Amino acid sequence: RERESRELAVLAAVAGADGITAQYRIGVIVRDLRVTDAYNGILLNGDSYGEIAGCRFDGHGNYGISLDSGAGGNLIFDNVLDRNVLDGLKLANLSANNTIDSNTIVNGQGLGMSFSASDSNSVWNNYVQNNASHGCVIDNGSDSLYVYDNRIDANGGDGISITSLGAPTANGIDSNTVTGNGNDGI
């Protein structure tokens, strides 16, 4: 079964669609997989309590990893996101209670990682470097994010940018190493 899922992901990537897409599923697990040159490396749309671990997402036309439409309770751990056009990692539209831990997000043409209208996510121990824009963006009222012990350096914009139409509240930003970015550290 594992081999079958790897083949499906490769076929989707070759066709120019998302490498992997799951919608409104519980417990999707993706491990030790490489997806290259798709639209999104992986899109979890409303999925919950899953895991993406030990994967590599390279050269996608949109996002390396995208959690959208209420994706919650997922673990994103120990992945490499390299050379993605928009964001390496994006959480949007009420994607909450996810853990983003020990990922490497580098060499993107857009943001390293972004959180838009997504509350109560834990973001720690990630390495975010050499992305063309900001390293990490928290916006559109994303509240109660805990951003801790990340290394964010040499990005083209701010290291960590907090912007919003609705002011984000109760975000904890602590013990990060933020150096050498093109604009402000935080």
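All figures in this text were calculated on a predicted structure; none of them were measured in a lab.
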[Y] backbone acceptor or donor facing [X] side chain under 3.5 Å:
X	Y	value
Asp78	Ala53	no
Asn181	Asn155	yes
Asp119	Ser144	no
His134	Gly157	no
Asn121	Asn98	yes
Asn74	Ile52	no
His60	Val35	yes
Asn79	Cys55	yes

When you check the side-chain N and O atoms of [X] and [Y], is any donor under 3.5 Å from an acceptor?
X	Y	value
Asn45	Asp68	no
Ser116	Asp139	yes
Asn40	Ser66	no

**Message:** Run the ring pair (Phe, Tyr, Trp, His ring centres under 6.0 Å) test against Tyr148 and tell me which residues pass, sequence neighbours left out.
**Reply:**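 Per chain and number, Tyr148 pairs via ring pair (Phe, Tyr, Trp, His ring centres under 6.0 Å) with Tyr146.
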
**Item:** Note, Trp124 side chain near Ser175 side chain (heavy atom, < 4.5 Å)
**Value:**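 A side-chain contact is absent here, since even the closest heavy-atom pair is not under 4.5 Å.
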
**Prompt:** Side-chain contact, heavy-atom cut-off 4.5 Å: Leu81 with Tyr63?
**Reply:**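 Heavy-atom side-chain distance check fails, nothing below 4.5 Å.
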
Do [X] and [Y] belong to the same hydrophobic cluster, where Ile, Leu, Val, Met, Phe, Trp and Tyr are linked whenever their side-chain heavy atoms lie under 4.5 Å apart, directly or via other members?
X	Y	result
Ile186	Met113	yes
Val178	Ile100	yes
Leu91	Val30	yes
Ile173	Val123	yes

Least distance between heavy atoms, [X] atom then [Y] atom:
X	Y	value
Asn107	Asp82	ND2-OD1, 3.0 Å
Asn103	Phe77	OD1-C, 3.6 Å
Ile105	Leu89	CD1-CB, 4.1 Å
Cys136	Ile152	CB-CD1, 4.2 Å
Ser142	Phe115	OG-O, 3.2 Å
Asp101	Asn125	OD1-CB, 3.6 Å

How many angstroms lie between [atom1] in [X] and [atom2] in [Y], if you round to the nearest 0.5 Å?
X	Y	atom1	atom2	answer
Leu94	Ser120	CG	OG	11.0 Å
Ile65	Lys90	CD1	NZ	14.0 Å
Tyr39	Asn62	OH	CG	3.5 Å
Phe57	Leu33	CZ	CG	6.5 Å
Leu43	Ile20	CG	CD1	10.5 Å
Arg83	Thr36	CZ	OG1	8.0 Å

**Asked** Counting only heavy atoms not in Tyr127, do more than 12 fall under 6.0 Å of its OH?
**Response**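 More than 12 within 6.0 Å, yes.
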
**Qualifying residue for side chain to side chain contact (heavy atoms under 4.5 Å, CB included) with Val137, from Ile160, Ile162, Leu111** =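 Of the listed options, the one satisfying the test is Leu111.
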
